[in-house]
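Side-chain atoms are counted along with the backbone in the values below, which use heavy atoms only and exclude waters and symmetry mates.
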Amino acid sequence: MEANVDRFILHSDSIKQGRTKPVRMVDFPGHMKLRAKLDEFLIQAGGIIFLVDAADFMPNVRSVAEYLYDILSKALIVKYKIPVLIVANKMDKVTAHSIDFIRKQLEKEIDKLCVTRTGISDADMTSEVLIRKEGEPFKFTHCLNKVTVTEASVTTAQLADVYQFIREQIGS
């Protein structure tokens with residue numbers, strides 16, 4: 001398990017003249033053992049696409065929310081206002097949850113993490129930023145960086161929002 005780094009041209013851009021600038025993408029696995037290495041890639045990130053399995057969401061909601069919380073509360077992410085696109089993938093599956101359900105569940109779980117992690121001493125939170133408004137349940141709109149939730153299906157090529165996000169972050 002390691003990060004995969006590659007460059008590619010967005011298919012829709014390749015058919016337009018003058019739009020052949022390759023995009024550098026890093027596919028970073030979500031495995032706990034690798035998370036410490038994430039900062040090496042974040043320093044160069046123009047945006048983050050956070051992939052969620054919509055078909056197998058509920059058994060993993062807590063671990064997904066923990067990883068997302070770790071990303072959203074990173075001082076580097078907040079300082080540079082790196083936008084995050086949360087993509088609920090596998091929406092073509094019958095068992096897929098709606099993006100509204102996924103958004104609400106993630107917000108609820110992150111809210112719990114905000115409460116429990118505020119009990120940690122300041123010395124332990126050197127690279128974390130509080131992402132919750134005081135006295136309110138957490139919402140993605142509280143984040144200083146833009147956080148958007150969308151749906152996709154790699155299998156059926158339902159990726160328009162992902163491509164648009166990439167275009168916005170590379171300025172083309």
Side-chain angles (χ1 to χ4, degrees), residues 1-31 34-54 57 60 63-92 96-100 102-107 109-110 113 127-133 138-172:
M1 287 185 291
E2 61 185 41
N4 293 306
V5 182
D6 206 351
R7 294 184 180 278
F8 71 96
I9 297 172
L10 293 174
H11 176 69
S12 59
D13 288 347
S14 67
I15 58 175
K16 297 177 186 175
Q17 288 187 343
R19 301 273 186 178
T20 57
K21 179 182 174 187
V23 178
R24 181 176 183 259
M25 296 288 290
V26 178
D27 177 11
F28 195 87
H31 197 276
L34 299 175
R35 292 183 186 177
K37 296 181 180 183
L38 181 60
D39 287 351
E40 296 171 25
F41 297 99
L42 289 178
I43 196 81
Q44 303 171 35
I48 297 170
I49 299 171
F50 189 90
L51 204 60
V52 175
D53 185 335
F57 178 70
N60 301 304
S63 62
V64 170
E66 286 174 349
Y67 194 18
L68 186 56
Y69 174 89
D70 290 344
I71 289 171
L72 294 176
S73 64
K74 281 190 175 292
L76 180 70
I77 302 289
V78 175
K79 179 180 178 181
Y80 294 106
K81 296 183 180 177
I82 299 172
V84 176
L85 179 67
I86 302 168
V87 179
N89 188 31
K90 299 185 182 177
M91 293 305 287
D92 56 307
H97 293 281
S98 71
I99 60 169
D100 191 47
I102 290 171
R103 181 187 51 77
K104 287 177 183 177
Q105 290 301 311
L106 286 173
E107 287 176 337
E109 288 296 322
I110 290 172
L113 290 165
S127 64
E128 279 189 20
V129 174
L130 297 176
I131 57 172
R132 180 179 178 228
K133 287 187 179 178
F138 173 81
K139 300 283 183 211
F140 289 121
T141 56
H142 294 172
C143 297
L144 295 176
N145 53 318
K146 184 179 177 184
V147 179
T148 309
V149 183
T150 192
E151 61 185 29
S153 170
V154 173
T155 305
T156 63
Q158 179 188 346
L159 298 165
D161 289 347
V162 175
Y163 293 149
Q164 184 59 35
F165 178 81
I166 294 169
R167 275 188 205 93
E168 289 170 3
Q169 302 327 307
I170 61 171
S172 66

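Here Phe165 pairs with nothing under the ring-ring contact (aromatic ring centres under 6.0 Å, His included) rule; sequence neighbours left out. In this view, Phe57 satisfies the ring-ring contact (aromatic ring centres under 6.0 Å, His included) rule with no residue, not counting sequence neighbours.
Looking at every heavy atom in both residues, Gly46 comes nearest to Pro83 through O-CD, 3.5 Å. Across all their heavy atoms, Ala54 and Ile102 have their closest contact at CB-CD1, 3.7 Å. Residue Val87 comes nearest to Ala152 through the heavy atom pair CG1-CB, 3.4 Å, listed as atom of the first residue, atom of the second, then distance. Taking every heavy atom of both residues into account, Cys143 and Leu72 meet most closely at SG-CD1, 4.2 Å. Of all the heavy atoms in Ala65 and Ile110, the pair that sits closest is O-CG1, 3.8 Å.
Considering NZ of Lys74 and CG of Asn145, their distance stands at 13.0 Å, rounded to 0.5 Å. Rounded to the nearest 0.5 Å, atoms CG (Leu68) and CD (Glu107) are 10.0 Å apart. Taking CG of Asn60 as the start and OH of Tyr67 as the end, the distance is 14.0 Å to the nearest 0.5 Å. To the nearest 0.5 Å, atoms CD1 (Ile77) and CD1 (Ile131) are separated by 11.0 Å. Separation of atoms CE (Met91) and CD1 (Ile99) is listed at 6.5 Å; rounding is to 0.5 Å. Here the straight-line distance linking atom CG of Asp161 with atom CD1 of Ile166 works out to 11.0 Å at 0.5 Å rounding.
Within the 4.5 Å cutoff, the side chain of Phe138 has no heavy atoms near those of the Leu113 side chain.
With respect to Ile86, the side-chain contact (heavy atoms from CB on, under 4.5 Å) criterion is satisfied by exactly one of Thr148, Ile48, Val52, Ile49: Val52.
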